[in-house]
Amino acid sequence: MKQLFAFQRTIRLVGSGGLEALAMDQKGYRRGSFQSSTSDEDMLEIAGASLDFSMADDDPPLDREVGGFSSYNGGGMNGTSTMMDFLEEPLPGVGTYEDFNTIDWVREKSRDRDRHREITSRSKESTWALIHSVSDAFSGWLLMLLIGLLAGSLAGLIDISAHWMTDLKEGVCLAGFWFNHEHCCWKSNTTFTDRDKCPEWKSWSQLILGHGEGAFAYILNYFMYVMWALLFSLLAVLLVKGFAPYACGSGIPEIKTILSGFIIRGYLGKWTLVIKTITLVLAVSSGLSLGKEGPLVHVACCCGNILCHLFTKYRKNEAKRREVLSAAAAAGVSVAFGAPIGGVLFSLEEVSYYFPLKTLWRSFFAALVAAFTLRSINPFGNSRLVLFYVEFHMPWHLLELVPFILLGIFGGLWGAFFIRSNIAWCRRRKTTKLGKYPVLEVFVVTAITAVLAFPNEYTRMSTSELISELFNDCGILDSSKLCEYVNDFNSTKGDDLPDRAAGPGVYTAMWQLALALIMKVFITIFTFGMKVPSGLFIPSMAVGAIAGRLLGVAVEQLAFYHHDWAIFSGWCSPGADCITPGLYAMVGAAACLGGVTRMTVSLVVIMFELTGGLEYIVPLMAAAMTSKWVADAIGREGIYDAHIRLNGYPFLEAKEEFSHKTLAMDVMRPRRNDPPLTVITQDSMTVEDVETIINETTYSGYPVVVSRESQRLVGFVLRRDLIISIENARKKQDGIVSTSIIYFTDHSPPLPPSSPSMLKLRSILDLSPFTVTDQTPMEIVVDIFRKLGLRQCLVTHNGKLLGIITKKDVLKHIAQLANQDPDSILFN
C-alpha cells in the first residue's frame, strides 16, 4: 500500500490522462483484420445502428513499448537466432487504434518524448537536422495559425449566409438578390425611422401581388415564410442523413468524449465538415429554435483534425492531436461569440480532459487568429464579431443584486427543467419508432415552429436578432416597440434618457415577449437533439434574455411610479436613468445558459466580452453562480453530460468524487462461479495454443504468468499485437509452425534438438502493467483510472495474479452504486 500511495503522488506528473474506451467486440481471430486506416476522415454510417460491447471483456492495456514493433528469435537449443529489425520495416496496424476504441495516453506521450529526444540529439549533427528541429518546434504554432484562419473564414461564411437566407423567408432585394435586408437598404435615401421600408427591398406579397397591405398579402407572406422554413430544414436533414450522419446535433458531447481519448472515426472528417457547414446555415435559416454557436465548436474541431494530417507529429500521435482539438474548440467559441479569452476558458472548463500549459498558450493563439480573421471579414457590417454586441454605460446599484439573483434562480430552474424534459424526449426518440423517422420529425417540428412564429414579430425574427433587440439600451432614435416610452425631452441630458413611463408599444411588446417566452421554453425541448445541426447556447440565452427584459421593464416602471419608496429614494430620483432593462436581459441570458450548461467562469468571461463592460462582472457572477447552485440542487448533470450518459459514451467524469467504501476485489473479474482468468504462460505454450485462446475468447489482452500453477505475474500482452506478430512470423521467419513454442523471456527455454524453431515475443510484452492488491479501496482505483487514463489494471494477492479490473468494470460499478442500469454503459 505504501508503494501504491507513493505512485499516487506521481500521477500529476503524467497529466489528467484520457478516457479509456470500452473495447470493441472482436469476433474471433481473423487474419489481416487489423490493417485498417488511421485517418479520422473515413465515413461511418451509424444511423439506426447499435454496437454490442457485451463481449469485450478486457480493454487494451497501456503498452510501454515505444514503437510496438516485434522481433523474433527462431532458434531452439541448437538453432541459430534470427533477429528481425521491424524498426526499419514497421508492421502494418501496429500502433494504430480501431474505431470505437480508446487511445493509450501513456504510450502516446512516451512515443512523442522519444521522437523529440531523437530530433534533439540529431540536431547537433548537421545543419539540416537543426533546421528540421526548429521546424518541428514551430509546426504547432503554424498549425494553430491555419486552424484560426480556416475556422474564422468558415464562421464568417456561415454568418453571412445564414443572415441572407433568414431574410429570404420574408422577401428579396431587387438591387441584388444576394443582399440581405439590412445591406439592401444601406444605399437607400429613406429616413432613419423608415430604414426597414426601403424601395429596394420587396416582401413576397409586394413582389407577387404588387402591394403589401391587406389580409391576402399577409396570408401570402405567411405561406412563403412557412414554405421557405420547411425547404431549408428538409434540405438540412436530408443532407445529414444521406452524407454525414455525424453532422447532426451540437457535437459538444461527442467532442468531450473524443478529447477524453475515445475514437469515433469520421466524426471530425472532411465530409462531416462540409455537410455540417452547409446544413448549419440551412438549420439556422429555417427559424428552428436552435443556434450555431455549439456546432461552430464542432466545425472548428473538424478543421483542426483535418489540418493535423499536414504535420507528421500530429498525424501519427493521437494524444498530440487531442491537444490540437482542445485549441480548435477554443477557436470555435472565439468566433461564435467574439470572445477569444472566453473560448480558451470554455475549452478548459467544459470540453477538455487533458489541458497542459502548452495547450493553453496555443489555444489562446488559435482563438486570437480566429477572432482576427472573423473581424477582417466583418460579416455583420458593424465591425463587431457578433450580432448582439452591446455597450452599457450606466452603473448598477447594490439593491439590483436582488432581481439579478432572482434571474439566477429562474435560470437554474429553467436549466433543470429543460435537461430533464429534453433527455426524456430524446430517450423516447431512441426507444420508440419515432427515431426511425428523422425527416418526418424535423418536418413536423419545423412546421409547428414556423406556424407559431410568424404572427409574433419577436419569434419571427432570427434568435440572434431577438437577443440583440433585448440587450439593446433604448436611445433617442430607437424605433423598436420596446423603446416606445412617453418622452419628456425637457429632462433629457445628453445621450442618456431618464426612466420614463411605458407607452402602448412597450405594453404590446411585453405580452408578445411573454408569448415568445412560452413558445421558446417548450419548442426548444423538442428541437435540440433532432437530426440537424443544433446548438443550445442561443435558445437558452433567448429564454433568459426575454425573462430578464420583462423583469427589467417591471423594475423600471416600479421605480418610476414609486421613486419615493425607501428602496428607490436613495439612488433613483425623478429624472434619473437608474434602471437599464437591457442589462437585466443580459444577466438573464447568462443565468439560463449557466443553468443548462453549468458553466461558470467561462460563461461570465464570454458575457463580459460581449458587453465590453467590467462593471457588470459582479451581476453576471451572482446570476451564473445562483443558477448553477439551483440547477445542481435539482440535478447534478449539465446538458452535455446528460447526453453523454444517454448515448452511453464511455466517459469517466473527472469532476465527480467517488465516496463509496468498496474494494478492488468487489469489482474485479473473474467473480465467484466465473471461469478462471484466461492467461498465457511465459515459455510453455505453442503457437497453436495461443491461436486457440485468441479464437475462443474476445478479450483484448492477456496476462502473461510464469506458469498456470504459480500464477506469478510477468506482464500483459495485447491480442492485437499477438495476431500481427504471429502472422508476420509465419510469413517472414522460417520454421515457425503450429507446434513452435512462444516465449516471452530473455533466453529460450531448453528443448530437444528436433523441436521446431521458437518464436520470441518479449518485445511486445508490457513488463510493467499497472497492478493493485485485492484490498485496494475503489476510490483509489477510480482516481488512478481518471488520472492515468488506464484501460485496465491487474489485481494481485501476495504477488499472485487474482483478477482484472477494466474501464468498463469501473463505469458499471459507478452506475450500480448510483442506482442506474449498468448495462447502459455501452456505446449506442
Side-chain angles (χ1 to χ4, degrees), residues 170 181-182 191-197 382 384 386-394 396 400 403-404 407 410 453-489 491-492 495-521 538-539 541-561 572 576-592 607 610-611 613 616 619:
E170 299 185 26
H181 194 168
E182 183 181 0
T191 61
F192 186 81
T193 53
D194 294 331
R195 61 188 181 276
D196 290 335
K197 301 176 182 177
N382 58 1
R384 303 297 184 189
V386 288
L387 192 60
F388 43 84
Y389 183 92
V390 290
E391 287 185 359
F392 299 132
H393 302 289
M394 295 306 298
W396 58 279
E400 288 185 281
F404 294 154
L407 286 172
F410 171 78
F454 186 84
N456 189 337
E457 65 176 282
Y458 292 110
T459 50
R460 187 192 316 163
M461 66 176 67
S462 73
T463 315
S464 293
E465 290 177 344
L466 171 62
I467 294 173
S468 177
E469 184 117 337
L470 295 169
F471 280 9
N472 184 42
D473 186 16
C474 291
I476 297 174
L477 297 176
D478 281 311
S479 58
S480 167
K481 281 184 182 178
L482 287 170
C483 297
E484 284 190 19
Y485 290 90
V486 178
N487 287 315
D488 181 7
F489 291 104
S491 61
T492 301
D495 293 331
D496 294 328
L497 292 173
D499 288 345
R500 298 156 290 164
V506 174
Y507 289 114
T508 302
M510 288 302 99
W511 70 260
Q512 286 183 326
L513 283 175
L515 293 176
L517 176 63
I518 295 171
M519 176 189 166
K520 291 283 185 185
V521 162
I538 290 297
M541 290 176 65
V543 169
I546 293 173
R549 188 78 186 204
L550 292 173
L551 181 61
V553 172
V555 173
E556 180 189 45
Q557 294 305 299
L558 191 66
F560 177 78
Y561 287 109
C572 201
D577 181 15
C578 49
I579 304 293
T580 306
L583 174 61
Y584 285 71
M586 187 183 72
V587 172
C592 283
M607 298 304 295
L610 278 178
T611 58
Y616 305 114

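When all heavy atoms are compared, the tightest approach of A589 to M541 is CB-O, 3.4 Å. The two atoms that bring T459 and A453 nearest to each other are OG1-O, 2.8 Å, heavy atoms only. Here the shortest heavy-atom pairing between A516 and N456 reads N-ND2, 3.8 Å. Taking each heavy atom of G544 and C592 in turn, the nearest pair found is CA-SG, 3.3 Å. In terms of heavy atoms, F471 sits closest to R549 at C-NH1, 4.3 Å. Here the closest heavy-atom approach between residue G505 and residue E484 is recorded as CA-OE1, 3.2 Å.
By the ring pair (Phe, Tyr, Trp, His ring centres under 6.0 Å) test, Y458 pairs with no residue at all, sequence neighbours left out.
One finds the CD atom of E469 at 10.5 Å from the NZ atom of K481 (value rounded to the nearest 0.5 Å). Put simply, CE on M510 and CD1 on I546 are 10.0 Å apart, with the number rounded to the nearest 0.5 Å. Taking CG of D473 as the start and CG of L583 as the end, the distance is 9.0 Å to the nearest 0.5 Å. Separating the CG atom in L551 from the CG atom in L407 is a distance of 5.0 Å, to the nearest 0.5 Å. Taking CG from L513 and CG from L466, the interatomic distance works out to 7.0 Å, rounded to the nearest 0.5 Å. Rounding to the nearest 0.5 Å gives a distance of 9.0 Å between CE of M461 and OG of S468.
K520 is listed as a side-chain neighbour of T463, based on a closest heavy-atom distance under 4.5 Å. Residues E556 and V506 are not in side-chain contact: their nearest non-hydrogen atoms beyond the backbone lie 4.5 Å or more apart.
Legend: side chain to side chain donor-acceptor pair (under 3.5 Å) pairs involving residues 504-516, not counting sequence neighbours: none detected.
With respect to I579, the side chain to side chain contact (heavy atoms under 4.5 Å, CB included) criterion is satisfied by exactly one of Y584, W396, F560: Y584.
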